[in-house]
S.K.: 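I am attaching a structure below and will ask some questions about it afterwards.
Here is the naming used below: chain letters follow the sequence lines, and residue numbers restart at 1 for every chain.
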2 protein chains.
Amino acid sequence: MSIPYELSGRTRQKQRTRGALVEAAREMVTQGQTPTVDEAATKASISRTTAYRYFPNQRALLVAAHPEIGALSLLPEKPPIDASARLDAVITAFLHLIVDTEPQQRTMLRLSLDPDPSHRGDLPLRKGRAIGWIGEALSPLRGQLTERDLRRLILAIRSAAGIEALVWLTDIAGLSRKEAVQLMRWSASALLRSALAESSTAGRQIKRRRPVEGSTRRRGSSGTAKLALNLRRRAPD
Amino acid sequence: MSIPYELSGRTRQKQRTRGALVEAAREMVTQGQTPTVDEAATKASISRTTAYRYFPNQRALLVAAHPEIGALSLLPEKPPIDASARLDAVITAFLHLIVDTEPQQRTMLRLSLDPDPSHRGDLPLRKGRAIGWIGEALSPLRGQLTERDLRRLILAIRSAAGIEALVWLTDIAGLSRKEAVQLMRWSASALLRSALAESSTAGRQIKRRRPVEGSTRRRGSSGTAKLALNLRRRAPD
DNA sequence: CTCGTCATGGTACTCAAGTCCCATGACGCA
DNA sequence: TGCGTCATGGGACTTGAGTACCATGACGAG
């Protein structure tokens with residue numbers, strides 16, 4: 001629990017140094033670059049050695065340099081009451097944020113996948129702000145859905161609409177940014193519709209209530225069984 | 001269009017050398033490691049220099065070492081007729097493949113995000129096999145959905161259920177693998193249900209047909225407008 | 001103004017990626 | 001069996017990440 005370097009001694013000087021370094025790195029990151037520690041340090045008129053005093057590695061510097069969005073809400077000034085409209089407004093705004101900062105989003109995603117264990121605890125890295133934004137959009141559903149179902153819906157929506165999905169839709173599926181955004185908006189509203197339909201008919205259905213939620217486990221497994229031996233031959237994706 | 005190194009001269013010897021190298025790398029990759037070029041070469045009793053003759057960089061070697069799955073289908077032996085059941089079987093099998101090889105999937109995802117332009121054309125890297133598998137599961141819907149809607153549905157399902165979504169659900173949302181799989185299965189079937197509901201009521205509805213597909217553009221944009229100035233302050237996620 | 005603390009700068013080192021060049025030795029054709 | 005081709009190995013070099021050590025010079029408390 002040692003106090004970080006910047007919080008002891010001549011703290012004001014350190015703040016200025018650190019600020020200059022982060023600012024230099026931020027400028028380069030915003031332009032889509034991935035600056036070397038030395039490059040960022042040089043740009044800030046700081047020695048490489050000093051830079052490493054403030055950040056244990058390049059990754060940490062890039063994380064600190066990552067432009068962040070402070071918005072507490074993505075809803076428009078006069079938010080709609082209808083959950084569907086609210087959700088679409090938020091998702092659209094969210095996706096535009098993502099697309100507008102796509103290079104940085106990709107960098108952060110890549111860094112978060114870094115296998116190096118020593119870098120793992122570096123942290124705030126990808127905070128999951130979207131959960132709050134989507135949750136706010138869906139707040140009219142509080143009474144309609146159980147807390148559990150609501151949370152599941154939020155997570156499902158976010159995992160269907162975000163930088164990860166964008167990467168796959170553009171890089172693998174070959175969609176344009178615009179098409180990808182349209183598709184993710186559709187996904188989000190489709191998931192919402194399903195959740196609502198599910199809740200409105202809940203209790204009435206006796207069998208086939210949720211053909212997905214577990215009963216098919218056995219069958220699914222048997223489906224993979226014959227593939228087990230091939231598992232190390234080809235990539236699933 | 002120069003012929004690759006291995007296809008000229010003493011090709012049999014080269015095949016053996018290359019095979020040994022890939023095999024050595026594959027073993028390490030399968031154990032979740034990310035071998036150095038030198039490590040893989042040493043393990044294959046090959047010099048580092050020679051290794052670089054076969055693969056231009058570590059990335060290419062890792063890609064070649066990536067275990068691939070040759071399955072043409074993920075459907076069980078006696079596939080259900082019901083599209084929903086078929087989809088769930090395929091998605092479940094697919095997700096188990098992903099989870100079982102998660103470290104490699106993550107590595108591939110990370111490599112695919114590599115910014116280095118010289119590595120970009122390296123190739124097959126993440127081929128998008130799942131599109132075919134899901135498409136096969138949904139083949140009973142050929143007549144029911146337009147080709148365009150069917151394709152959209154397939155892409156939506158795959159982008160909601162795959163390694164990218166798994167990464168987010170576990171790393172950011174904090175779900176366990178098991179929970180994440182359950183959630184993605186729900187997403188897949190929910191998307192299918194929505195698509196079917198949409199098609200069965202199509203043509204009847206005059207307004208509010210698809211509140212998502214474009215009409216809300218203006219509103220969504222205005223929602224983000226007030227945030228434009230904050231764009232470089234905090235991360236959206 | 002002085003002196004000791006402390007932030008900084010510089011140099012040198014390790015390690016991995018990647019490139020280049022040249023020697024060597026095995027393969028296979030004549 | 002001999003010889004030239006050619007795959008391989010080894011060494012040297014560059015660059016970036018990251019670490020360690022020591023000198024210096026500025027700040028500020030007395």
Side-chain angles (χ1 to χ4, degrees), chain A residues 2-22 24-25 28-29 33-65 107 110-111 114-122, chain B residues 2-22 24-25 28-29 33-65 107 110-111 114-122:
Chain A
S2 64
I3 292 177
Y5 180 65
E6 295 104 90
L7 297 184
S8 65
R10 318 211 290 246
T11 58
R12 309 187 125 291
Q13 182 179 4
K14 290 182 183 174
Q15 269 184 21
R16 266 176 297 142
T17 304
R18 187 196 151 100
L21 183 56
V22 170
M28 309 178 82
V29 164
Q33 308 175 33
T34 305
T36 289
V37 174
D38 188 55
E39 288 170 347
T42 301
K43 176 157 189 163
S45 302
I46 283 173
S47 85
R48 202 173 72 99
T49 310
T50 299
Y52 272 107
R53 278 202 188 85
Y54 287 87
F55 299 96
N57 47 52
Q58 184 192 28
R59 171 196 171 94
L61 174 58
L62 293 180
V63 169
T107 300
R110 181 167 43 85
L111 292 179
D114 203 327
D116 192 332
S118 71
H119 298 353
R120 197 43 77 62
D122 278 349
Chain B
S2 63
I3 293 177
Y5 181 66
E6 296 104 89
L7 296 184
S8 63
R10 316 209 295 241
T11 58
R12 309 188 125 291
Q13 182 178 3
K14 290 183 184 175
Q15 269 184 21
R16 267 175 296 141
T17 304
R18 187 197 152 101
L21 182 56
V22 170
M28 310 179 82
V29 164
Q33 308 174 31
T34 305
T36 289
V37 174
D38 188 53
E39 288 170 348
T42 302
K43 176 157 188 163
S45 303
I46 284 173
S47 86
R48 203 175 70 100
T49 309
T50 300
Y52 273 107
R53 280 200 186 88
Y54 287 86
F55 299 95
N57 46 52
Q58 183 192 29
R59 171 196 171 94
L61 173 58
L62 293 180
V63 169
T107 300
R110 180 166 44 85
L111 292 179
D114 201 329
D116 191 332
S118 72
H119 296 355
R120 194 46 73 64
D122 275 352

S.K.: For Thr107(B), which residues count as a side chain to side chain contact (heavy atoms under 4.5 Å, CB included) partner, sequence neighbours excluded?
M.R.: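 In terms of side chain to side chain contact (heavy atoms under 4.5 Å, CB included), with neighbours along the sequence ignored, Thr107(B) is linked to Thr34(B), Arg110(B), Leu111(B).
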S.K.: Quick one: Tyr52(B) OH to dA16(C) P, roughly how many Å, whole number?
M.R.: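 It is 11 Å, rounded to the nearest whole Å.
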S.K.: What string of B, S and - do you get for nucleotides 2-8 of chain D, 5' to 3', when a contact is any protein heavy atom under 4.0 Å?
M.R.: ---BBSB
S.K.: Please list, chain by chain and in numerical order, all residues satisfying salt bridge (charged side-chain N to carboxylate O under 4.0 Å, His left out) with Arg18(A), sequence neighbours excluded.
M.R.: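 Once residues adjacent in sequence are excluded, the partners of Arg18(A) under the salt bridge (charged side-chain N to carboxylate O under 4.0 Å, His left out) criterion are Glu6(A).
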S.K.: CG of Asp114(A) to CD of Gln58(A): how many Å apart, nearest 0.5 Å?
M.R.: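 These two atoms lie 10.0 Å from each other.
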S.K.: Who pairs with Gln13(B) by side chain to side chain donor-acceptor pair (under 3.5 Å), at least two apart in sequence or on another chain?
M.R.: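 By the side chain to side chain donor-acceptor pair (under 3.5 Å) rule, Gln13(B) matches Arg10(B).
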S.K.: Can you tell me the distance, in whole Å, between the CZ atom of Arg48(A) and the P atom of dA17(D)?
M.R.: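 Interatomic distance, CZ of Arg48(A) to P of dA17(D): 8 Å.
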S.K.: How close or far is atom C1' of dA26(D) from atom CZ of Arg12(A), stated in whole angstroms?
M.R.: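 Spelled out: CZ on Arg12(A) to C1' on dA26(D) is 17 Å.
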S.K.: Atom CG of Asn57(A) to atom C1' of dA16(C): distance rounded to whole Å?
M.R.: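 In whole Å, dA16(C) C1' lies 16 Å from Asn57(A) CG.
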S.K.: Looking at residues at least two apart in the chain, or sitting in another chain, which of them share a side chain to side chain contact (heavy atoms under 4.5 Å, CB included) with Glu39(A)?
M.R.: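 Checked Glu39(A) against side chain to side chain contact (heavy atoms under 4.5 Å, CB included); matches are Met28(A), Pro35(A), Thr36(A).
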S.K.: Near DNA chain C, under 4.0 Å by heavy atom, which residues of residues 34-41 of chain B?
M.R.: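 Thr36(B), Val37(B) - these, ordered by number, are the residues of the stretch whose heavy atoms sit under 4.0 Å from the strand.
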S.K.: Using ring-ring contact (aromatic ring centres under 6.0 Å, His included) as the criterion, list what pairs up with Tyr52(A), not counting sequence neighbours.
M.R.: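 Tyr52(A): no ring-ring contact (aromatic ring centres under 6.0 Å, His included) contacts found.
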S.K.: In this structure, how many angstroms lie between the P atom of dG9(C) and the CG atom of Leu21(A), rounded?
M.R.: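 Between P of dG9(C) and CG of Leu21(A): 11 Å.
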S.K.: Check side chain to side chain contact (heavy atoms under 4.5 Å, CB included) between Thr50(A) and all other residues, then give those that pass, not counting sequence neighbours.
M.R.: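 Thr50(A): side chain to side chain contact (heavy atoms under 4.5 Å, CB included) contacts with Thr17(A), Ile46(A), Ser47(A), Arg53(A), Tyr54(A).
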S.K.: Tell me the interatomic distance from Leu61(A), atom CG, to dG16(D), atom C1', rounded to whole angstroms.
M.R.: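 Rounding to the nearest Å, CG of Leu61(A) and C1' of dG16(D) are 14 Å apart.
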S.K.: What residues form a side chain to side chain donor-acceptor pair (under 3.5 Å) with Gln33(B), not counting sequence neighbours?
M.R.: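 Per chain and number, Gln33(B) pairs via side chain to side chain donor-acceptor pair (under 3.5 Å) with Gln31(B).
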S.K.: Of the nucleotides dA17(D), dC21(C), dA12(D), which has the atom closest to the Thr49(B) side chain?
M.R.: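 Nearest to the side chain of Thr49(B) among the choices is dC21(C).
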